[in-house]
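Okay, so here's the structure we're looking at.
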Protein chains: 2
Amino acid sequence: MLTLKHLRVIEALNDSGSLTRAATRLHLTQSALSHQLVALEAHYGVALFERSRPLRATPAGVRLLALAQEVLPKMEAATRDLTRLAEDNQPGRLRIAVECHTCYDWLMPGMDAYRAHWPEVEMDLVGGFHTDPLALLHEDKADLVIVSETARHKGVTFSPLFRYEMLALMATGHPLASKAYLTARDFAHDPLITYPAPDRLLDVVRRVLKPAGVNPERRLAELTIAIVQLVASRKGLAALPAWAVQPFLERGYVVARPIGKNGLWSGLYTAARDSDASRAFHRDFVDTLREQAFMTLPGIEPLGA
Amino acid sequence: MLTLKHLRVIEALNDSGSLTRAATRLHLTQSALSHQLVALEAHYGVALFERSRPLRATPAGVRLLALAQEVLPKMEAATRDLTRLAEDNQPGRLRIAVECHTCYDWLMPGMDAYRAHWPEVEMDLVGGFHTDPLALLHEDKADLVIVSETARHKGVTFSPLFRYEMLALMATGHPLASKAYLTARDFAHDPLITYPAPDRLLDVVRRVLKPAGVNPERRLAELTIAIVQLVASRKGLAALPAWAVQPFLERGYVVARPIGKNGLWSGLYTAARDSDASRAFHRDFVDTLREQAFMTLPGIEPLGA
DNA sequence: CAATTACATGAATTTTATTCATACATGCTT
DNA sequence: AAGCATGTATGAATAAAATTCATGTAATTG
């Protein structure tokens, strides 16, 4: 009666603290999870979670959580071994190209985690920034690129990683801090501090400022910490991923506000040649990246196909 | 895609060496198992068993077997803990009464295995033999009795353990050893050596000799080894469970033959008061007994409800 | 080389899981 | 306190998956 599916549900419930969030994470409806949980609890005659917010595991829930943490990794390791036994053991190679500056924050831990499972796969980072990263796939200069848009493209498979919110950053006590969220024209009067990247890759510019015809003075900085520093010293505004600025917000260095009423959300995807994307070591890399991101980055959300 | 069910199937296949036997052991049809195995192998693109007789695990099969042996005990331990958390922790008691002499052979190891899982359950053997063991349940002198027949009985739950073959034992070189199997009249001319138990409990007498009106001279012995000794010294014939005589046959001390064309098969069951039989520690005792028996006794078969 | 035994397979059936459409509960805002 | 917003529960409908049934096919044995 107790199945692996149940263990995954329990893990997701504990991580996310809510049926609804756990459901989206597992690509199921809230209803499905509710049925499952109720059925499991009824079968053993024991409550697994207190229906509080957030959900809290009972002793029985904790017991199953421990089981899940023991058993699920073993299952995954075994299926990996199985796919390895199945494939013609030609070793894999992953030359990875990255479009966005902040991506290194989570890419490095992801690559480390992956290396533990697939030591035989040779990983490389393709240096520099590129005008057309997808071309790298066709030119066989990269095997996997991380991009912020999915355009159907012959011979290329895209896989969603996650979506995240871009927040507007300003100095503490900045007049705009009194607003609940910023709009395009709020950016008109302060310099905008960005990475040295083409506008095409700067979501605020491309999706908010340019459509509104707002074109503030610009200032460049290479590193996230440098951008935050400049904002804190009242040199201008910036827009950065929520996860990247989280630590600075907690220490009160700067203030962040959503961009637009519903916030400005961006997605990240991997792209790979079809022939590579279907291979197990490739798929597992994407899965590992996604999992690692959800474990370490606060405030990110699942991203549908 | 890989589920616990698959792991159980793979374990059963490896133990039994055949889809058909594994299927009966799992209370499924051969067809169901074939579908499962084929689907699993197709999904990972790898063979798990060579279709030889007996079935032999491939490297991939061995890998999953290792997984099963790691994971399944953990699952069982967790469900036990769950039922313990569920029940009002009144400690259980198991006073066990046994009808058949040879039962101690497998009962003791079974009790040992059970003690490891349920240390808090107090186990006792109710000594001596009893004319009506079921009465012990009503008189509250025993909590579980092991019997060879199931009669519906108000307030008593029977659970099947296994079935086994009774073999006729004779000295090496005995004239009857030339027959493929023995019939009732073959017993007429030699003394019959039995345990000191009422005829009702001696399956050969009750189900073969008495119906045929055959009534040989009798001789008694307390211990299995003593019975075998007497048979070997040409003092008479005996009928004992196949599993009990297996070691003596292997060493050539005596010879065994089936009784009747299809053999003489007996079943064993547990009986307990309904109120007890539904409790987790009780059900788990019966499961442990059954499992232990199948692990240690050669030639026994599953027994339907 | 039958006869037997065991595995595979397609279609039908049963069982189980999931969704859909709501109802119900809880907390927050005005 | 009424009205939203958010989150969980539930019954019925639907979809998906597992199992059986009824065979066919392959391997094994006397």
Side-chain angles (χ1 to χ4, degrees), chain A residues 1-10 12-58 61 180-181 258 261-263 299 301-302 304-305, chain B residues 1-58 61 179-181 258 261-263 299 301-302 304-305:
Chain A
M1 175 63 199
L2 181 62
T3 69
L4 294 172
K5 189 176 41 127
H6 288 130
L7 295 187
R8 284 188 251 274
V9 167
I10 283 165
L13 283 174
N14 191 65
D15 289 359
S16 68
S18 113
L19 281 167
T20 311
R21 272 193 297 279
T24 65
R25 194 176 117 171
L26 296 171
H27 304 293
L28 287 171
T29 61
Q30 173 270 318
S31 178
L33 254 60
S34 176
H35 280 297
Q36 288 194 19
L37 184 57
V38 167
L40 191 58
E41 289 181 330
H43 184 263
Y44 289 101
V46 101
L48 297 173
F49 284 89
E50 283 175 34
R51 301 308 200 272
S52 51
R53 289 183 206 174
L55 249 40
R56 254 210 12 245
T58 65
Y181 60 90
K261 183 147 192 260
N262 302 309
E301 292 286 328
Chain B
M1 174 63 201
L2 181 62
T3 68
L4 294 173
K5 190 177 37 129
H6 289 131
L7 295 187
R8 285 188 251 273
V9 166
I10 283 166
E11 209 179 37
L13 283 174
N14 191 67
D15 290 358
S16 68
S18 116
L19 281 168
T20 313
R21 272 193 297 280
T24 65
R25 194 175 118 172
L26 296 171
H27 305 293
L28 287 170
T29 61
Q30 173 270 320
S31 177
L33 253 60
S34 176
H35 280 296
Q36 286 194 22
L37 184 58
V38 168
L40 192 58
E41 289 182 329
H43 185 262
Y44 288 102
V46 101
L48 297 173
F49 285 89
E50 284 174 34
R51 300 307 200 274
S52 53
R53 292 184 202 176
L55 250 39
R56 256 213 9 246
T58 65
K179 302 190 63 174
Y181 60 89
K261 182 147 191 264
N262 301 310
E301 293 285 331

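Reminder, nothing fancy here: chain letters follow the sequence lines and each chain counts from 1.
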Quick check for you: to the nearest 0.5 Å, what is the distance between A:M1 atom CE and B:L4 atom CG? 12.5 Å
Examine distances only and state if a side-chain atom of B:E50 and a backbone atom of B:R56 form a donor-acceptor pair shorter than 3.5 Å. no
Kindly state whether the pair A:H35 / C:dT18 counts as stacked, where counting means centroids closer than 5.5 Å and planes tilted less than 30° apart. no
Close residues, residues 14-31 of chain A, relative to DNA chain D [heavy-atom separation under 4.0 Å]: A:S18, A:L19, A:T20, A:R21, A:Q30, A:S31
Test item: A:S16 side-chain N/O and A:R21 main-chain N/O as donor-acceptor pair under 3.5 Å: no
B:L13 CG to C:dA6 P: how many Å, rounded? 14 Å
Rounded to the nearest 0.5 Å, the CZ atom of A:F49 sits from the CG atom of A:L37 at a distance of 7.0 Å
When rounded to the nearest 0.5 angstrom, what is the spacing between CD in A:Q36 and CD1 in A:I10? 9.5 Å
Between C:dA8 atom C1' and B:L33 atom CG, what is the distance in whole Å? 13 Å
Pairwise 5' ranking along DNA chain C for A:K5 and B:L55, keeping only the more 5' one: B:L55
Nearest-Å distance, CG (B:L40) to P (D:dA17)? 15 Å
Quick one: A:H43 NE2 to C:dT16 C1', roughly how many Å, whole number? 14 Å
Using whole Å, what does the distance between atom C1' of nucleotide D:dA17 and atom CG of A:L4 come to? 16 Å
Can a side chain N or O of B:R51 be found less than 4.0 Å away from OP1 or OP2 on C:dA8? yes
D:dA18 P sits how many Å from A:M1 CE, rounded? 15 Å
Ignoring hydrogens and geometry, is there a side-chain-to-backbone donor-acceptor pair from A:Q30 to A:L19 under 3.5 Å? no
Do the side chain of A:H6 and the main chain of A:T3 share a donor and acceptor less than 3.5 angstrom apart? yes
Consider the side chain of B:V38, meaning its heavy atoms from C-beta on, and name the nucleotide among C:dT19, C:dT9, D:dT28 that approaches it most closely. C:dT9
Between B:Q36 and D:dA18, does any side-chain N or O lie under 4.0 Å from OP1 or OP2? no
Grab the CG-P distance between A:L37 and D:dT10 for me, whole Å please. 11 Å
